[in-house]
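These numbers come from a predicted model, not from an experiment.
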Amino acid sequence: VQLQASGGGLVQPGGSLRLSCAASGRTFSSYSMGWFRQTAGKEREFVAGISRSGGTTCYSDPLKGRFTVSRDNAKNFVYLQMGSLKPEDTAVYCCAASALRTVTASAYDYWGQGTLVTVSS
């Protein structure tokens, strides 16, 4: 599976942004998908995950209620809708695919290149 994230950019505090992750290959629906983020000098942080069918989602506790993950298996896309953005949400966001439903980055088999989200006035 090849993944490509997009949709990042500069947004003001309190604003919203939707990230997209396009997947290639016919086996997209075989993978659980995750979104992670990373800033310089910090470890990669789990943001959100979604099961193969899209029926189950999970979120990093601090982000619950502000971020929503979804997927479209027919189009091979996974999305991350982000709202009420804060400066501390500034990071490079990456999508990843895993055969497991997990929050652990090392369990993800495929990674897309990240897209930078900057929250600033």
Side-chain angles (χ1 to χ4, degrees):
V1 175
Q2 291 186 323
L3 304 171
Q4 177 68 55
S6 62
L10 175 63
V11 60
Q12 292 188 343
S16 299
L17 205 60
R18 188 176 84 153
L19 305 183
S20 300
C21 175
S24 64
R26 299 179 181 178
T27 59
F28 174 68
S29 60
S30 299
Y31 294 93
S32 294
M33 299 297 296
W35 284 97
F36 291 79
R37 67 185 185 183
Q38 190 166 23
T39 55
K42 292 187 178 181
E43 290 188 1
R44 189 172 286 171
E45 175 189 13
F46 174 79
V47 173
I50 187 165
S51 62
R52 295 175 181 84
S53 67
T56 301
T57 57
C58 62
Y59 299 91
S60 169
D61 282 345
L63 303 177
K64 283 181 180 178
R66 295 197 297 121
F67 288 16
T68 302
V69 61
S70 61
R71 68 189 295 166
D72 186 336
N73 285 345
K75 296 182 179 179
N76 282 12
F77 271 87
V78 61
Y79 305 100
L80 184 68
Q81 179 69 47
M82 305 185 294
S84 302
L85 284 164
K86 306 174 182 179
E88 51 264 42
D89 293 319
T90 295
V92 174
Y93 286 73
C94 297
C95 55
S98 175
L100 305 173
R101 198 166 70 195
T102 177
V103 303
T104 304
S106 61
Y108 281 78
D109 306 299
Y110 303 96
W111 291 83
Q113 69 177 61
T115 185
L116 176 63
V117 173
T118 303
V119 184
S120 175
S121 55

Work out which heavy atom in [X] is nearest to a heavy atom in [Y]; give both atom names and the distance.
| X | Y | result |
| --- | --- | --- |
| Ala105 | Trp111 | O-CZ2, 3.4 Å |
| Cys58 | Val103 | SG-CG1, 4.2 Å |
| Asp109 | Ala99 | OD2-N, 3.3 Å |
| Leu17 | Gly9 | CD2-N, 4.0 Å |

Please examine the side chains of [Y] and [X], heavy atoms only from C-beta on, and report whether any two atoms are closer than 4.5 Å.
| X | Y | value |
| --- | --- | --- |
| Asp89 | Met82 | no |
| Tyr59 | Arg66 | no |
| Leu10 | Ser120 | yes |
| Arg37 | Leu80 | no |
| Tyr31 | Ile50 | no |

Just by distance, do the side chain of [X] and the backbone of [Y] share a donor-acceptor pair under 3.5 Å?
| X | Y | result |
| --- | --- | --- |
| Ser98 | Leu100 | yes |
| Thr90 | Val119 | yes |
| Thr115 | Ala5 | no |
| Asn73 | Arg52 | yes |

Return yes when atom CD of Glu43 has more than 12 non-hydrogen atoms of other residues, nucleotides or ligands closer than 6.0 Å, and no otherwise.
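Incorrect, the count does not exceed 12.
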For Lys64, give me all partners under salt bridge (charged side-chain N to carboxylate O under 4.0 Å, His left out), at least two apart in sequence or on another chain.
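So Lys64 forms a salt bridge (charged side-chain N to carboxylate O under 4.0 Å, His left out) with Asp61.
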Set of residues satisfying salt bridge (charged side-chain N to carboxylate O under 4.0 Å, His left out) with respect to Arg71, sequence neighbours excluded:
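Arg71 satisfies salt bridge (charged side-chain N to carboxylate O under 4.0 Å, His left out) with no other residue.
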Between [atom1] of [X] and [atom2] of [Y], what distance do you get to the nearest 0.5 Å?
| X | Y | atom1 | atom2 | value |
| --- | --- | --- | --- | --- |
| Trp35 | Phe46 | CH2 | CZ | 12.5 Å |
| Ser84 | Leu63 | OG | CG | 11.5 Å |
| Cys21 | Asn76 | SG | CG | 10.0 Å |
| Phe67 | Leu19 | CZ | CG | 8.0 Å |
| Arg18 | Ser16 | CZ | OG | 12.0 Å |
| Gln4 | Ser20 | CD | OG | 11.0 Å |

Find out if a path of hydrophobic residues (ILVMFWY) with successive side-chain heavy-atom gaps under 4.5 Å connects [X] to [Y].
| X | Y | value |
| --- | --- | --- |
| Val117 | Val78 | yes |
| Phe36 | Val92 | no |
| Tyr108 | Phe77 | no |

Before you tell me yes or no, could you show the steps for Thr68 and Tyr79 under side-chain contact (heavy atoms from CB on, under 4.5 Å), namely the whole-Å CA-CA distance, both residues' side-chain angles and the distance that decides it to 0.1 Å?
CA-CA 8 Å; Thr68 302; Tyr79 305 100; over 6 Å; no
